[in-house]
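All heavy atoms count here, side chains included; hydrogens, waters and symmetry mates do not.
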Amino acid sequence: MSEAKKYNAPVTNPETAAFWDAAKQGKFMIKRCNTCGEAHYFPRAICPFCFSDKTVWEEASGEATVYTYSLMRKSPTGPYAIAYVTLKEGPSLQTNIVDCDLEKVKIGQKVKVVWKPTDGAPLPFFTPA
């Protein structure tokens with residue numbers, strides 16, 4: 001039986017603390033700008049679109065679509081898939097696709113967030129929906 005993969009705990013700071021606190025409750029949070037209306041990830045206090053500081057936390061659905069991906073077949077830790085996924089709410093983010101047959105991952109595939117434990121807050125990854 002293989003051991004479960006170990007992940008390092010995320011480094012938090014006051015700006016991202018609410019994200020990691022919500023992650024501990026299984027909630028995937030993004031930020032939305034009240035000035036321009038754009039959603040963004042990774043959550044930060046200043047909107048990357050209009051530079052407004054009028055941003056609010058919003059719980060995302062955790063549903064996404066694979067925009068692009070790459071399979072890393074030769075790695076000291078074993079094969080893995082790195083991907084950009086586009087959240088249902090609009091933002092795209094870089095992540096890993098986990099808990100599936102990596103050879104079956106494809107562009108346009110529906111995926112959903114899955115949380116992997118660490119010694120701190122869990123980390124968000126994505127798996128086929």
Side-chain angles (χ1 to χ4, degrees):
M1 182 177 209
S2 66
E3 287 185 37
K5 183 168 174 56
K6 290 236 178 215
Y7 298 99
N8 293 327
V11 177
T12 63
N13 62 51
E15 190 175 30
T16 62
F19 176 86
W20 298 114
D21 289 344
K24 291 175 184 175
Q25 299 172 21
K27 296 178 181 177
F28 188 74
M29 304 298 284
I30 59 175
K31 279 277 196 125
R32 186 168 300 274
C33 179
N34 280 337
T35 301
C36 71
E38 293 286 340
H40 59 271
Y41 182 91
F42 192 80
R44 50 187 131 353
I46 304 296
C47 174
F49 299 100
C50 73
F51 307 111
S52 170
D53 64 350
K54 310 261 186 298
T55 61
V56 293
W57 290 101
E58 176 181 302
E59 185 175 359
S61 66
E63 299 172 17
T65 303
V66 175
Y67 175 75
T68 191
Y69 71 97
S70 184
L71 295 181
M72 307 302 174
R73 290 182 176 87
K74 294 184 179 184
S75 165
T77 58
Y80 65 95
I82 191 167
Y84 272 97
V85 300
T86 302
L87 296 174
K88 185 177 177 182
E89 294 77 12
S92 294
L93 61 119
Q94 187 176 16
T95 188
N96 288 90
I97 305 296
V98 297
D99 301 336
C100 67
D101 179 352
L102 298 178
E103 298 297 329
K104 293 186 177 177
V105 174
K106 42 183 138 168
I107 292 171
Q109 184 174 14
K110 300 294 183 192
V111 291
K112 63 183 179 182
V113 73
V114 60
W115 298 97
K116 295 297 181 177
T118 72
D119 290 335
L123 294 173
F125 293 99
F126 284 79
T127 192

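Considering only residues two or more places apart in sequence or on other chains, N8 meets the side chain to side chain contact (heavy atoms under 4.5 Å, CB included) condition with none of them. Checked against ring-ring contact (aromatic ring centres under 6.0 Å, His included), Y41 has the following partners two or more places apart in sequence or in another chain: F19, F28. Applying the side-chain hydrogen bond (donor to acceptor under 3.5 Å, both in side chains) rule to T95 yields no partners; only residues at least two apart in sequence or on another chain are considered. Shown here are the side chain to side chain contact (heavy atoms under 4.5 Å, CB included) partners of E58, two or more places apart in sequence or in another chain: I30, R32, E89. Residues meeting the side chain to side chain contact (heavy atoms under 4.5 Å, CB included) test with K88, sequence neighbours left out: S61, E63. Partners of S70 under the side-chain hydrogen bond (donor to acceptor under 3.5 Å, both in side chains) rule, at least two apart in sequence or in another chain, do not exist in this structure.
Residues H40 and I46 come closest through the heavy atom pair NE2-O, 4.2 Å. Nearest heavy-atom pair, S52 versus T35, reported as atom, atom and distance to 0.1 Å: OG-OG1, 2.8 Å. Nearest heavy-atom pair across C50 and C47 is N-SG, 3.5 Å. Taking both residues in full, the closest heavy atoms of F49 and C36 are given as CB-SG, 4.1 Å, listed atom of the first, atom of the second, then distance. Annotation for I97 and L102: closest pair O-CD2, 3.8 Å, computed over non-hydrogen atoms. When all heavy atoms are compared, the tightest approach of V105 to C100 is CG2-SG, 4.0 Å.
With N96 contributing its side chain and A81 its backbone, the two residues share a donor-acceptor pair below 3.5 Å. Put simply, the side chain of T86 never gets that close to the backbone of S92: no donor and acceptor are under 3.5 Å apart.
Other residues sharing a hydrophobic cluster with V11 under the 4.5 Å side-chain heavy-atom criterion for ILVMFWY residues do not exist; the residue is a singleton. If you chain together ILVMFWY residues whose side-chain heavy atoms come under 4.5 Å of each other, Y80 ends up grouped with M72, I82. Through direct or indirect side-chain contacts shorter than 4.5 Å among Ile, Leu, Val, Met, Phe, Trp and Tyr, Y67 is connected to Y84.
Rounded to the nearest 0.5 angstrom, K31 NZ and T16 OG1 are separated by 10.5 Å.
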Which donor-acceptor pairs under 3.5 Å do the side chains of residues 119-129 make with protein atoms, sequence neighbours left out?
{"residue": "T127", "atom": "OG1", "partner": "V98", "partner atom": "O", "Å": "2.8"}

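Applying the salt bridge (Lys or Arg N to Asp or Glu O under 4.0 Å) test to residues at least two apart or on different chains, the pairs with a partner in residues 98-111 are R73-E103, D99-K116. Residue pairs meeting the salt bridge (Lys or Arg N to Asp or Glu O under 4.0 Å) criterion with at least one member in residues 9-29, sequence neighbours excluded, do not occur.
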Worked verdict on V113 versus L87 for side chain to side chain contact (heavy atoms under 4.5 Å, CB included): CA-CA 10 Å; V113 73; L87 296 174; over 6 Å; no
